[in-house]
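Given the structure is predicted, the values throughout are model-derived calculations rather than measurements.
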Amino acid sequence: MFFSNFLLFKQYLWKILTQCASLVMLSAHILKNYEYLIKLIASKKIALTLFFIKTLKFKLSMKRLFNFLILLFFAGLIIAQEVRPTKNLIVMIPDGTSLSVLSASRWLKVYRNEGTRLHIDPYLSGTVTTFSSNAPIGDSAPTTSTYMTGVALQAGNVAIYPVADSENDLVKLNSDSAYQPLVTILEAMQMEQNKAAGLVITCEFPHATPADCAAHSFNRGDYKAIAPQMAFNNLSVVFGGGNEFVSDDMKEHFKNTETTYIQNDRDAMLNFNGEKIWALFGDRAMSYDLDRNPVEEPSIAEMTEKALEILNKNPNGFFLMVEGSKVDWAAHANDPAGIISEYLAFDDAVGKAIEFAEKDRNTTIVILPDHGNSGFSIGRNGMKKGYTKMTLADLFGAVSKYKRTAVGLEKILLNTKPDEIKNVFKQYTELDITEAEKEKLLTSKNYKLASNTKAPDAKNMAHNIAEIYNERTGFGYTTTGHTGEEVFLAVYHPKGDILKGNVRNTELHDYLYKVSGLKTSMKEHTANIYAKHTDVFAGMKYEVVAKNDVVKLVVKQKRKTLEVPAFSSVALLNGKPMDLGSVAVFVNKNNTFYLPRNLKDRAFGKK
């Protein structure tokens with residue numbers, strides 16, 4: 001050891017630091033080779049480093065040379081920890097997945113003799129503290145929005161600046177910025193770098209997490225405002241659910257932008273050879289993976305693999321967000337079959353993404369949930385054995401045999417006659433239910449085939465099925481809502497520049513920004529793309545017109561009239577289409593359009 005105790009080490013380190021200023025003043029010969037020397041040290045090429053030092057013929061004492069090397073060593077560590085951008089960025093979000101879900105998924109694989117590891121395991125690197133701007137427990141809208149924008153938001157907010165809540169805010173907010181749409185990583189990469197962008201989800205496409213990437217609203221439930229924004233944001237790939245929310249205007253825009261729109265056709269999606277596609281399955285959300293007909297609906301792994309194939313055609317690179325949407329839904333329902341099977345399906349998609357990235361060598365993958373859900377645990381009160389006596393079979397034997405989620409089995413049992421309930425239940429679960437459990441199913445609020453009198457507080461059949469499922473397992477829950485614990489983080493970077501330890505959601509955004517290679521700040525992007533119409537057209541004649549649920553901004557100057565429809569990227573200048581370059585966001589809370597700052601000059605010319 002160089003130092004006999006820590007105190008001596010501190011004293012010697014201080015001496016080294018005090019000499020930094022003089023070291024900076026070394027000869028031009030040293031400074032000329034300084035950057036290369038640091039890179040050698042950072043790359044751990046010791047022999048080459050020493051040879052290089054000798055050839056420099058530094059006129060230094062041994063002591064100063066030793067100090068100089070230590071200084072370079074620490075500088076090398078800093079360089080080694082910088083985040084080098086990659087051409088492509090993939091963000092994968094298993095919505096509402098608590099860490100314990102990973103544990104249960106591994107053990108189920110062990111019980112089925114499918115190995116002991118998940119695809120995500122080699123890349124787990126830390127945890128993320130995720131929250132809303134004014135509450136430690138967030139919902140999907142503000143949590144993923146923070147990942148995408150770097151700003152903490154309130155519940156229900158989709159990539160839009162929150163209203164200040166001075167008594168409860170956990171971060172400092174500017175009340176003057178309320179309702180300001182915030183540019184997302186996806187949008188910034190499209191606009192600044194001309195990269196392709198895609199979304200793969202298993203919920204309906206305007207749902208909170210996908211909307212957080214490509215839309216802006218203070219109300220996550222306002223699909224009429226969110227859905228068209230996502231279409232007019234000109235995404236190259238959207239795979240998921242939600243045919244019900246595709247309007248005629250959106251379909252027309254798909255035609256105008258040569259975007260293929262496929263409905264409920266798995267084979268057509270998998271055989272697509274173009275560069276722009278929306279392929280949606282079902283009116284709203286897709287089926288749970290356990291309930292999915294594999295001939296009719298693709299898996300999330302299949303959609304991810306196909307999305308990567310298409311997006312990779314863009315020579316500039318791409319951004320892709322993949323969401324395992326319904327882990328969260330199953331957790332809300334306390335359905336163990338749904339929780340574990342949905343996560344395992346998502347993990348298969350992780351495997352496809354990693355396979356692509358390892359071959360590509362220019363892709364970063366960041367995998368993390370947006371929040372926890374349900375307090376899911378392996379072990380609970382009321383088990384028939386002590387926790388140390390519960391075997392692998394006791395814990396995972398029953399759930400391994402469930403062939404449908406609670407929702408999937410409900411769809412079947414709702415059309416099953418009362419005297420067949422027991423047999424059909426066993427067919428899909430291998431469980432022999434009791435007479436009391438059968439009675440509970442028959443008295444479900446939404447079961448119409450039985451004449452049994454239903455109690456005022458009767459639950460839907462899916463709820464009752466989930467309770468029967470859990471009675472046969474050792475899983476526990478604390479709630480049917482979200483939970484506030486930190487979430488896991490996994491990162492793949494081709495050069496090892498990964499995010500480690502515990503970070504906050506805003507720091508996670510900072511990493512995404514750095515690895516994306518963006519040069520313009522997110523704040524500047526927002527100022528340029530989403531300026532208030534009152535600022536853009538100051539001194540001009542304009543009005544906000546609302547008619548038949550259609551809102552538009554009308555601006556007039558001499559013989560020119562500009563009409564900007566809300567939530568569209570196409571305006572009309574004297575009746576002719578004009579590409580805005582970004583979506584026009586209308587916020588009815590302040591009756592304001594948010595538009596590109598340069599729109600006035602583009603439409604009416606510079607004075």
Side-chain angles (χ1 to χ4, degrees), residues 91-112 114-130 137-140 143-144 201-203 209 288-291 299-301 322-351 353 366-380 387 390 392 395-400 402 404-408 466 469-470 472-491:
V91 178
M92 306 189 75
I93 299 176
D95 198 300
T97 299
S98 300
L99 182 60
S100 52
V101 175
L102 271 64
S103 302
S105 299
R106 287 192 202 94
W107 280 121
L108 184 60
K109 290 187 72 172
V110 171
Y111 183 78
R112 290 173 170 172
E114 297 172 352
T116 62
R117 310 295 289 171
L118 300 170
H119 291 292
I120 196 176
D121 286 348
Y123 310 100
L124 290 166
S125 63
T127 60
V128 180
T129 300
T130 175
I137 302 176
D139 79 79
S140 297
T143 49
T144 297
I201 62 262
T202 54
C203 59
T209 301
Y288 284 99
D289 192 73
L290 197 61
D291 307 329
S299 68
I300 188 172
V322 178
E323 183 194 29
S325 316
K326 297 180 73 172
V327 182
D328 179 72
W329 296 21
H332 278 298
N334 289 177
D335 177 2
I339 292 171
I340 300 173
S341 62
E342 283 299 293
Y343 180 77
L344 286 172
F346 172 83
D347 193 62
D348 286 341
V350 170
V366 179
I367 312 162
L368 76 167
D370 46 354
H371 52 74
N373 194 335
S374 80
F376 176 79
S377 65
I378 305 172
R380 60 174 171 80
Y387 56 85
M390 294 291 287
L392 189 62
L395 292 167
F396 295 94
V399 74
S400 72
Y402 299 162
R404 291 288 187 278
T405 66
V407 168
Y469 279 1
N470 285 314
R472 304 306 201 278
T473 72
F475 303 127
Y477 310 86
T478 62
T479 178
T480 55
H482 293 178
T483 49
E485 74 277 12
E486 60 200 67
V487 298
F488 61 84
L489 170 67
V491 182

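The shortest distance between side-chain heavy atoms of F346 and I300 falls below 4.5 Å. Using a 4.5 Å cut-off on side-chain heavy atoms (C-beta onward), I367 and V322 make no contact. You'll find the side chain of T116 reaches within 4.5 Å of the side chain of V110, heavy atoms only. Contact check for D370 versus V487: no side-chain heavy atoms found under the 4.5 Å cut-off. Under the 4.5 Å side-chain criterion, counting only non-hydrogen atoms from C-beta, Y402 is in contact with T473. Looking only at side-chain heavy atoms (C-beta outward), W107 and L395 stay at 4.5 Å or farther from each other.
When atom types are taken as modelled, the side chain of R404 and the backbone of A337 share no donor-acceptor pair closer than 3.5 angstrom. Looking only at distances, a side-chain donor or acceptor of N470 sits under 3.5 Å from a matching main-chain atom of N334.
With sequence neighbours left out, the salt bridge (Lys or Arg N to Asp or Glu O under 4.0 Å) criterion links R106 to D121. Residues that satisfy the side chain to side chain contact (heavy atoms under 4.5 Å, CB included) test with A331, not counting sequence neighbours, are I339, N373, S374. R472 meets the side chain to side chain donor-acceptor pair (under 3.5 Å) test with E437; sequence neighbours excluded. Residues passing the side chain to side chain donor-acceptor pair (under 3.5 Å) test with S98 are E485, sequence neighbours excluded. With sequence neighbours left out, the side chain to side chain contact (heavy atoms under 4.5 Å, CB included) criterion links S105 to V101, L118, I340, Y343, L344. Looking at residues two or more places apart in sequence or on another chain, you find a ring-ring contact (aromatic ring centres under 6.0 Å, His included) between H482 and H332, H371. Judged as a side chain to side chain contact (heavy atoms under 4.5 Å, CB included), and not counting sequence neighbours, the contacts of S400 are L108, Y111, R112. Under the side chain to side chain donor-acceptor pair (under 3.5 Å) criterion, T144 pairs with no residue at all, not counting sequence neighbours. By the side chain to side chain contact (heavy atoms under 4.5 Å, CB included) test, S299 is found to be paired with D289, R292, A301, E302, residues two or more places apart in sequence or in another chain being considered. With sequence neighbours excluded, no residue forms a ring-ring contact (aromatic ring centres under 6.0 Å, His included) with F488. Residues meeting the ring-ring contact (aromatic ring centres under 6.0 Å, His included) test with F475, sequence neighbours left out: F376, F396.
Note that CG of L99 is 8.0 Å distant from CG of L124, once rounded to the nearest 0.5 Å.
Considering all non-hydrogen atoms of both residues, I120 and A490 come closest at CG1-CB, 3.6 Å. Nearest heavy atom pair, residue V491 against residue S125, reads CG2-OG, 3.9 Å. Contact record, T479 with G375: CG2-N, 4.3 Å, taken as the closest heavy-atom pair. G338 and A330 make their closest contact through C-CB, 3.4 Å (heavy atoms, listed as atom of the first residue, atom of the second, distance). Closest of all the heavy-atom pairs between S140 and T209 is CB-OG1, 3.8 Å. When all heavy atoms of P369 and T97 are compared, the closest pair comes out as CG-O, 3.2 Å.
Counting only residues at least two apart or in different chains, salt bridge (Lys or Arg N to Asp or Glu O under 4.0 Å) contacts with residues 338-349 are absent.
No side-chain donor from either of Y288 and D335 sits under 3.5 Å from a side-chain acceptor of the other.
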